[in-house]
Amino acid sequence: MTPANLADTVLSAARAVFETRGLDASALPASTAVERPRNPEHGDYASTIALQVGKKAGVAPRELAAALAEELGRRPGIKSVEIAGPGFLNIRLDAAATGGLARDIVLAGSAYGRTERFAGERINLEFVSANPTGPVHIGGVRWAAVGDALSRLLRTAGAEVGTEYYFNDAGSQIDRFARSLLAAAKGEPAPEDGYGGAYIAEIAAEVVKGAPDVLSQSDEAAQETFRQVGVELMFAEIKASLADFGVHFDTYFNEKDLHDRGELQEALDRLREQGHIFESEGATWLRTTEFGDDKDRVLRKSDGDWTYFAADCAYYLDKRKRGFDRVVIMLGADHHGYIGRMKAMSACFGDDPDKNLEILIGQLVNLVRDGEPVRMSKRAGTVVTLEDFVEALGVDATRYALARYSSDSPIDIDIDLWTKAGNENPVYYVQYVAARTASVARNAADLGLTRGDAADFKPDLLTHEKENALLKSLNEYPDVIARSAELREPHHVARYLEKVSGDYHRFYGECRVTPLGDEKITDLHRARLWLNDATRTVIANGLSLLGVSAPERM
RNA sequence: GCGCUCGUAGCUCAGCGGAUAGAGCAACGGACUUCUAAUCCGUCGGUCGCAGGUUCGAAUCCUGCCGGGCGCGCCA
């Protein structure tokens, strides 16, 4: 029995009680949940439903709880129900009902944890979105890890997800990039407003290698070559470093296409139809203040040029036209000022900004060595890059470290901590369970111990306190995923895996899986092997959501 | 000034309106002739920033204040 099943059972028992007592069933919630009490004396699971609906239904919570306890106690799989405090229901399950899940988990394999929670929802996730003027830097790194994990989470929870990287290779930033390349190729110092760092010289050298006569051209023509080829090289490098990091995007979207296809004008027309456009001081404005923004925003400047915000509008409209119900954009904390205008823009299109547009803000990340933030990259000069992270920690530790914390909190990633081989390093702690379960399974196979047929599995043998705790944790996995996906917070998955890891290590310490010496193989050994393998399944599935490997050996 | 965000153990952080607020680190003390000790167990450690409010019940929701971070352009 899963927690979700139990919750349904509680609700149906409540309905039965309401019916026999002639109570108003509208006081009951559409769905309920059971929680796992901290204190083991409070049972395997607890329900607060009597507390929640007692008053509404006009019955004292304890009285309602008593009736519910009686009804619930008759349901299959439930060993006992006690009433505690003001009306808590403390529920204990039959060992077989809990233990049976170990088999279900093993048989489901990599599909364990999948739900249909978000079935039918089309969600667009945009993250990283750095322009190709340099390597992916620290601001994008957090979202590369978190955004990618979120996309995997949402897919596992049943959503149809499109990941997207938005860039602009035509703006003034790119001009500065091109001028910087040209200067580097000519051995001149970087322009005052240009880009520094060794990568500029490297890219410039690459360009010259591919087009040896470039420096004999006029500065104007040369700069154009550097712009085109340089952007191509830079973008290839960005994609390669993201790929090395395990991150792939379904769509790389160039702002230029919005211009070429006239989508900015289309967005403007659409907004005008909705009645939110006005002209002032020669410019064209969107009245975003109508929907709570601080000030109205210019879409088209008095010189006729489009603003960046106009492209944002067109891009949003483009995503919506492609059928995405939810447009999710992940930005760094320095961009949180955009939320107001973006939400208002969505409303101006006639959308519901609470539903159709989500903007997630990620706080700052520091890479820390010896207690001091690492500020500079060897290659990029002014900032720390994705490669710096991976070089310092490796892919697994980097992804785990970034996905482990709420994006709302600024974090320091300590190089010493995340490269340690010990339980103070969370990624090792969790991966060690993957290795340990694999090792136990190998040893079992060597001794001729196999799980046997699913039909012969005896879940009621798993009665040890540590077995019970581990089973309950494993059973929470689908709920953790669904909740994590709903909140857009992958860090819950990491925290959950750490909890499962602790439960497994404690189980391992007290419950021997493989037979000792010439001990005979028993049903208990086999039952524990099911539990061992179920643990490996959950750890492997969870780590894969975070893009982290589940090694067989360490 | 306005807006967003954070404030929980010495440190780094979890915490779904529920019961005695948790984990890791640090400190101290234990556990390997047996499945990986990269592990486990125990001890120590709290005005959940402050003050009100809502609630049967608040770290959690609301309001105000204090403190830290960030943002407030016809820039990109």
Side-chain angles (χ1 to χ4, degrees), chain A residues 33 35 37-39 41-42 46-48 51-52 54-55 60-61 84-88 90 131 133 168 171-174 176 255 280-285 292-295 297-303 305-309 311 332-341 359 361 363-364 404-414 417 420-426 428-429 431-433 435-444 446-447 449 479-480 483 486-487 491-492 494-496 498-499 501-502 504-517 519 525 528-529 532 553-554:
Chain A
E35 59 190 72
R38 273 187 268 280
N39 187 339
E41 284 172 22
H42 294 153
S47 168
T48 59
L51 291 166
Q52 285 162 23
K55 199 178 182 184
F88 290 103
N90 293 337
N131 282 344
T133 54
N168 176 3
S172 65
Q173 287 182 64
I174 296 289
R176 301 213 306 261
E255 181 187 331
S280 174
E281 301 164 56
T284 304
W285 299 66
D293 192 15
D294 303 342
K295 57 183 77 169
R297 306 290 170 176
V298 171
L299 292 180
R300 189 173 226 168
K301 300 186 241 179
S302 50
D303 64 6
D305 284 350
W306 295 101
T307 60
Y308 184 83
F309 181 60
D334 53 337
H335 285 74
H336 79 249
Y338 292 166
I339 296 175
R341 77 194 68 167
I359 298 177
I361 296 298
Q363 299 296 321
L364 207 77
R404 181 177 189 259
Y405 302 94
S406 161
S407 300
D408 290 338
S409 323
I411 47 171
D412 291 336
I413 303 297
D414 186 289
L417 173 67
K420 262 185 198 155
N423 67 355
E424 60 267 66
N425 179 349
Y428 274 85
Y429 185 74
Q431 285 185 313
Y432 184 55
V433 172
R436 214 173 209 190
T437 51
S439 167
V440 167
R442 279 193 302 271
N443 293 333
D446 289 348
L447 293 167
L449 168 62
D479 287 341
V480 169
R483 179 165 165 266
E486 189 167 350
L487 296 173
H491 74 273
H492 296 294
R495 300 297 176 150
Y496 165 79
E498 288 165 30
K499 183 173 183 305
S501 297
Y504 179 79
H505 286 309
R506 283 183 284 274
F507 156 76
Y508 177 92
E510 293 193 32
C511 302
R512 179 88 199 179
V513 176
T514 58
L516 261 176
E519 206 183 335
H525 292 127
R528 284 179 172 166
L529 186 57
N532 178 77
R553 287 189 166 80
M554 283 172 77

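Remember, it's a predicted structure, so these values are computed and weren't measured experimentally. Lettering of chains follows the sequences in order, A, B, ..., and the numbering in each one begins at 1.
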Asks: Evaluate the criterion salt bridge (Lys or Arg N to Asp or Glu O under 4.0 Å) for residue pair R297(A) and D293(A); output intermediate values, then yes/no.
Replies: CA-CA 9 Å; R297(A) 306 290 170 176; D293(A) 192 15; 2.7 Å; yes
Asks: Compare all side-chain heavy atoms of K301(A) with those of T307(A) and state whether any distance is below 4.5 angstrom.
Replies: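 Yes, at least one pair of side-chain atoms sits under 4.5 Å.
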Asks: Only pairs with both distances under 3.5 Å count, Watson-Crick or wobble alike; so what is the partner of rC40(B) in this structure?
Replies: rG30(B)
Asks: Counting only side-chain heavy atoms from C-beta out, which of rG3(B), rA19(B), rC35(B) sits nearest to F88(A)?
Replies: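 The nucleotide sitting nearest to the side chain is rA19(B).
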Asks: Calculate the interatomic distance between I361(A) atom CD1 and rG71(B) atom P; express it in whole Å.
Replies: 12 Å
Asks: Let me know the distance between CG of D293(A) and C1' of rG71(B), rounded to the nearest Å.
Replies: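 That distance rounds to 13 Å.
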Asks: Kindly indicate, with the supporting measurements, whether the criterion side chain to side chain contact (heavy atoms under 4.5 Å, CB included) is fulfilled by S409(A) and Q363(A).
Replies: CA-CA 6 Å; S409(A) 323; Q363(A) 299 296 321; 5.7 Å; no
Asks: Let me spell it out: for each of P86(A) and V440(A), pick the nucleotide of RNA chain B with the closest heavy atom. Which residue's pick is nearer the 5' end?
Replies: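 Closest to the 5' end, via its nearest nucleotide, is P86(A).
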Asks: So what's rC48(B) paired with, Watson-Crick or G-U wobble, going by both distances under 3.5 Å?
Replies: none
Asks: Does the structure show a Watson-Crick or G-U wobble partner for rC2(B), both distances under 3.5 Å? Name it, or say none.
Replies: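 The answer is rG71(B), by the H-bond criterion.
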Asks: R495(A) near the nucleic acid: base, sugar-phosphate alone, or nothing, with a heavy-atom cut-off under 4.0 Å?
Replies: sugar-phosphate
Asks: Considering only NZ, NE, NH1 and NH2 on the basic side and carboxylate oxygens on the acidic side, decide whether R483(A) and D479(A) come within less than 4.0 Å.
Replies: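 No, no charged N to carboxylate O under 4.0 Å.
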Asks: Answer with base, sugar-phosphate or nothing: what part of the nucleic acid does R553(A) contact at a heavy-atom distance below 4.0 Å?
Replies: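 Base, at least one base atom sits under 4.0 Å.
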Asks: Within the structure shown, what part of the strands sits under 4.0 Å from A46(A) by heavy-atom distance: base, sugar-phosphate, or nothing?
Replies: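 Base contact.
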Asks: With a non-hydrogen cut-off below 4.0 angstrom, is A435(A) in contact with a base, only sugar-phosphate, or nothing?
Replies: base
Asks: Measuring only the P atom in each nucleotide, how far is rA21(B) from rC16(B)? A whole number of Å is fine.
Replies: 16 Å
Asks: By centroid distance (under 5.5 Å) and plane angle (under 30°), are Y508(A) and rC40(B) in a stacked arrangement?
Replies: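 A stacking contact does not exist, since Y508(A) is not both close and nearly parallel to the base ring of rC40(B).
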Asks: With heavy atoms under 4.0 Å as the rule, sort H42(A) into base, sugar-phosphate or nothing.
Replies: base
Asks: Between rA38(B) and Y429(A), is there a base-stacking contact, meaning the centre of the base's six-membered ring lies under 5.5 Å from the residue's ring centre while the planes stay under 30° apart?
Replies: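 It does not: the two rings, one from Y429(A) and one from rA38(B), miss the stacking criterion.
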Asks: Measure from CH2 on W285(A) to P on rG73(B) and round the result to the nearest Å.
Replies: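 It works out to 11 Å between those atoms.
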Asks: Between atom CZ in R404(A) and atom C1' in rC25(B), what is the gap in whole Å?
Replies: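 Going from R404(A) (CZ) to rC25(B) (C1'), I get 10 Å.
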Asks: Is rC65(B) syn or is it anti, if syn means the base angle is within 90 degrees of 0?
Replies: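 Glycosidic conformation of rC65(B): anti.
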Asks: Tell me which nucleotide among rA38(B), rC70(B), rU39(B) gets nearest to the side chain of H336(A).
Replies: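 So the nucleotide nearest the side chain must be rC70(B).
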Asks: Rounded off to whole Å, could you give me the CD-to-C1' distance for the E510(A) and rA31(B) pair?
Replies: 12 Å
Asks: Using a heavy-atom cut-off of 4.0 Å across all strands, would you classify A84(A) as base, sugar-phosphate, or nothing?
Replies: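 Counting heavy atoms under 4.0 Å across all strands, the contact made by A84(A) includes a base.
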Asks: Using a 4.0 Å heavy-atom cut-off, does D446(A) contact any base of the nucleic acid, only the sugar-phosphate backbone, or nothing at all?
Replies: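 Nothing, no nucleic acid heavy atom in range.
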Asks: Taking rC70(B) as the reference, what is the distance to rG64(B) when you measure between their P atoms (whole Å, please)?
Replies: 24 Å
Asks: Given rC35(B), rG18(B), rC74(B), which nucleotide is nearest the side-chain atoms of S439(A)?
Replies: rC35(B)
Asks: Taking only the side-chain heavy atoms of S406(A) (C-beta and beyond), determine which of rC74(B), rA14(B), rU39(B) contains the nearest atom.
Replies: rA14(B)
Asks: I need the CG-P distance between D294(A) and rC4(B), as an integer number of Å.
Replies: 9 Å
Asks: Could you go step by step and tell me if Y308(A) and N168(A) meet the side-chain hydrogen bond (donor to acceptor under 3.5 Å, both in side chains) rule?
Replies: CA-CA 10 Å; Y308(A) 184 83; N168(A) 176 3; over 6 Å; no
Asks: Would you tell me if any nitrogen or oxygen in the side chain of H505(A) comes within less than 4.0 Å of OP1 or OP2 on rA38(B)?
Replies: no
Asks: Mind checking E498(A) for me? I need base, sugar-phosphate or nothing, with any heavy atom below 4.0 Å counting as a touch.
Replies: nothing
Asks: Heavy atoms only, 4.0 Å cut-off, all strands: where does G422(A) land among base, sugar-phosphate and nothing?
Replies: sugar-phosphate
Asks: Nearest to the side chain of R506(A), which nucleotide is it out of rA19(B), rC35(B), rC41(B)?
Replies: rC41(B)
Asks: Give me the distance, rounded to whole Å, that separates rC11(B) from rC50(B) when you measure between the C1' atoms they each carry.
Replies: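 Their C1' atoms lie roughly 23 Å apart.
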Asks: Taking the C1' atom in each of rA51(B) and rA58(B), what is the distance between them to the nearest angstrom?
Replies: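 Going atom to atom, C1' in each nucleotide, I get 15 Å.
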Asks: What's the closest nucleotide to the N443(A) side chain, out of rC74(B), rU34(B), rC35(B)?
Replies: rC35(B)
Asks: If the C1' atom of rG46(B) is compared with that of rU54(B), how far apart are they to the nearest Å?
Replies: 26 Å
Asks: What is the separation between atom CG on D303(A) and atom P on rC75(B), rounded to the nearest whole Å?
Replies: 8 Å
Asks: Which nucleotide in the list rA19(B), rG18(B), rA14(B) gets nearest to the side chain of Y405(A)?
Replies: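 Selected nucleotide (nearest to the side chain): rA14(B).
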Asks: Nearest to the A333(A) side chain among rG18(B), rA19(B), rC70(B), which nucleotide is it?
Replies: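 The answer is rC70(B), which lies nearest to the side chain.
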Asks: Taking 4.0 Å as the cut-off, does a side-chain nitrogen or oxygen of H492(A) come that near to OP1 or OP2 on rG15(B)?
Replies: yes
Asks: Can you tell me how far C1' of rC40(B) sits from CZ of R512(A), to the nearest Å?
Replies: 15 Å
Asks: Are the side chains of P426(A) and R404(A) in touch, meaning some heavy atoms are under 4.5 Å apart?
Replies: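 In short, these two side chains touch, coming nearer than 4.5 Å.
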Asks: If you assign each of Q52(A) and E255(A) to its closest nucleotide in RNA chain B, which residue comes earlier from the 5' end?
Replies: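 Counting from the 5' end, the first nearest nucleotide belongs to Q52(A).
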Asks: Could you identify the nucleotide paired to rC61(B), looking across every strand shown and requiring Watson-Crick or G-U wobble geometry with both distances under 3.5 Å?
Replies: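 Pairing partner: rG53(B).
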Asks: Using the C1' atom as the point on both nucleotides, what is the distance between rU60(B) and rC41(B), in whole Å?
Replies: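 Result for the C1' pair: 32 Å, nearest Å.
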Asks: OP1, OP2 of rC75(B) versus side-chain N and O of K301(A): anything below 4.0 Å?
Replies: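 For rC75(B), OP1 or OP2 has a side-chain N or O of K301(A) closer than 4.0 Å.
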Asks: Does R495(A) qualify as a cation-pi partner of Y405(A), given the criterion of NZ or CZ under 6.0 Å from the six-membered ring centre and within 45 degrees of its axis?
Replies: yes
Asks: Suppose you measure atom P in rG17(B) against the same atom in rC61(B); what distance do you get, rounded to whole Å?
Replies: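 Looking at atom P only, rG17(B) and rC61(B) are 8 Å apart.
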Asks: I'd like the P distance from rU5(B) over to rC62(B), given in whole Å.
Replies: 10 Å
Asks: Identify which nucleotide among rG24(B), rA14(B), rG18(B) has an atom closest to any side-chain atom of N423(A), counting heavy atoms from C-beta outward.
Replies: rG24(B)
Asks: Could you tell me whether the phosphate oxygens of rA14(B), OP1 or OP2, come under 4.0 Å of any side-chain nitrogen or oxygen in S409(A)?
Replies: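 For rA14(B), OP1/OP2 do have a side-chain N/O of S409(A) under 4.0 Å.
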Asks: Look at the side chain of K295(A) and decide which nucleotide, out of rG73(B), rC70(B), rA19(B), has an atom nearest to it.
Replies: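 Nearest listed nucleotide: rG73(B).
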